[in-house]
Amino acid sequence: MKDAVRIQSDDFSQDEEILALKASSRRMGGIATFVGCARDFSEGRDVAEISFDAYGSMAVSEMKQLRSDAIAKFGLLDARIVHRICTVTAGDNIVFIAAGAEHRVAALEACRWMIDELKLRVPIWKKEVTPQGEAWVVPHP
Amino acid sequence: MKDAVRIQSDDFSQDEEILALKASSRRMGGIATFVGCARDFSEGRDVAEISFDAYGSMAVSEMKQLRSDAIAKFGLLDARIVHRICTVTAGDNIVFIAAGAEHRVAALEACRWMIDELKLRVPIWKKEVTPQGEAWVVPHP
Amino acid sequence: MIKVLFFGPVVERIGKNALEVGYRDDMTLQELRDELALHYPLAFEIVCFFAVNGQHVRDLALPLADNSEVTFMAKFSGG
Amino acid sequence: MIKVLFFGPVVERIGKNALEVGYRDDMTLQELRDELALHYPLAFEIVCFFAVNGQHVRDLALPLADNSEVTFMAKFSGG
């Protein structure tokens, strides 16, 4: 089975990830997921493609820590985080978060918390290629 | 392509549902999903299987209304709701909710709202089969 | 004729999933409910939602049309 | 020797993704930052996170050990 936390170039399968998540417990009643994907338009500009840079070793260790923190904070049965580092175009998947818990509230809250925290903690940067040139994305507060 | 709102006996594929959701727009940056599944233990009792009864025609029309309401309320690009009506055992999928939006907050909030509302609005009832016999599930307030 | 439907936990307490009640002029949902509750008190203990022709109805004063499909439902537990 | 790493938008402003700085006794993260900021002011305008050996560091008074890996990072935009 694939690691619960990964950085990879290839796309991921939600079915495969959910199956792996479920394998951890037969008490899981709720699974919340978030998929972030590439848009063809951002901040008023067309976007042809998005590429990434990452501090790979730190990004993976931060994602592992984030997963453990979420499991402890929300009493999850399991959680998974996958981030692609490659060049993507509109519609392509970028990030996958899954939280599994006995009941839905914990799963839903943990999923939201994980994607919010990932954006704050994990050293990955996004560059948009537009008809006007390339630009690193400046996140809003 | 399958309908965005369905009641069915068969299992569903998250990959297939997400692909269908994404097909509606290239502006979709965030997709939140919720999967409810059968647990082997509930309210202190082992659960061998779960079966369902539904007021089918009303359930589908309520689910369609719920999807439209969510799209309008949260400015979603698309949403999908699938509920299985059959007999399931631990680990099996029961319900699938997906919300796709330009940005993650709308998708995450809509997903949570839809599963909460589904439980309040949609005429479906769950019966648990335990070693002590069968019992219709009484939802907590 | 009014067609009355039951589902899930209500069926179990009524012993059947449908029955028919003769239509009377100016009949309201409240009257139909009270009449059935007299015959099936245990079932109506758990009834808390009402639908007419597949639409949620909150106001029991609603007059019923002939040939309506009326449903008395327990709290939902899907999802 | 201190190994200094840069990523993404910072690389673009520095012109390279790594450099080495001689180690001095009692050297702090603040001193290293100030020294580099003098040479690369544009890059340090956007630096807002610091890591030492792959761990977030918030206190710039942290003394650096020889052979540390130090990273000066712009706001993250992953996810």
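Worth knowing before you read on, the calculation uses all heavy atoms, side chains too, and leaves out hydrogens, waters and symmetry mates. Keep in mind the model is a prediction, meaning the values are calculated, not measured. Letters A, B, ... are given to chains in the order of the sequence lines, protein chains preceding strands, and every chain is numbered from 1.
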Residues of residues 81-96 of chain B with a heavy atom under 4.5 Å from any heavy atom of chain C, in residue-number order, are H83(B), I94(B), V95(B)

side-chain contact (heavy atoms from CB on, under 4.5 Å) assessment of V137(B) paired with F76(C): CA-CA 9 Å; V137(B) 173; F76(C) 310 142; over 6 Å; no

Taking the side chain as everything from C-beta on, heavy atoms only, tell me whether K3(C) gets closer than 4.5 Å to N67(C). no

When the 4.5 angstrom heavy-atom criterion is applied to I46(C) and chain B, the contacting part is neither

Practice problem: Measure from the side-chain N and O atoms of W125(B) to the backbone N and O of K75(C), and report whether any donor-acceptor pair falls under 3.5 Å. | Solution: yes

Check your understanding: Would you say the side-chain atoms of K126(B) pair up with the backbone N or O of S77(C), donor to acceptor, closer than 3.5 Å?
Key -> yes

So, the part of A59(B) with a heavy atom under 4.5 Å from chain C: the answer is neither

Only one of R26(B), K22(B), R27(B), R67(B) passes salt bridge (Lys or Arg N to Asp or Glu O under 4.0 Å) with D78(B), and that residue is R67(B)

Exercise for review: Go through V70(C) and L5(C) one step at a time and tell me if the side-chain contact (heavy atoms from CB on, under 4.5 Å) criterion holds.
Suggested key: CA-CA 6 Å; V70(C) 178; L5(C) 302 181; over 6 Å; no

Max heavy-atom pairs within cutoff under 4.5 Å with chain C, candidates L120(B), V122(B), L118(B), goes to V122(B)

Cut-off 4.5 Å, heavy atoms of chain C, and the answer for E62(B) is side chain

Margin query: I'd like to check F6(C) versus T71(C) (side-chain heavy atoms, cut-off strictly below 4.5 Å). Are they in contact?
Written below: no

Determine yes or no for a side-chain-to-main-chain donor-acceptor pair under 3.5 angstrom, with S24(B) supplying the side chain and A20(B) the backbone.
no

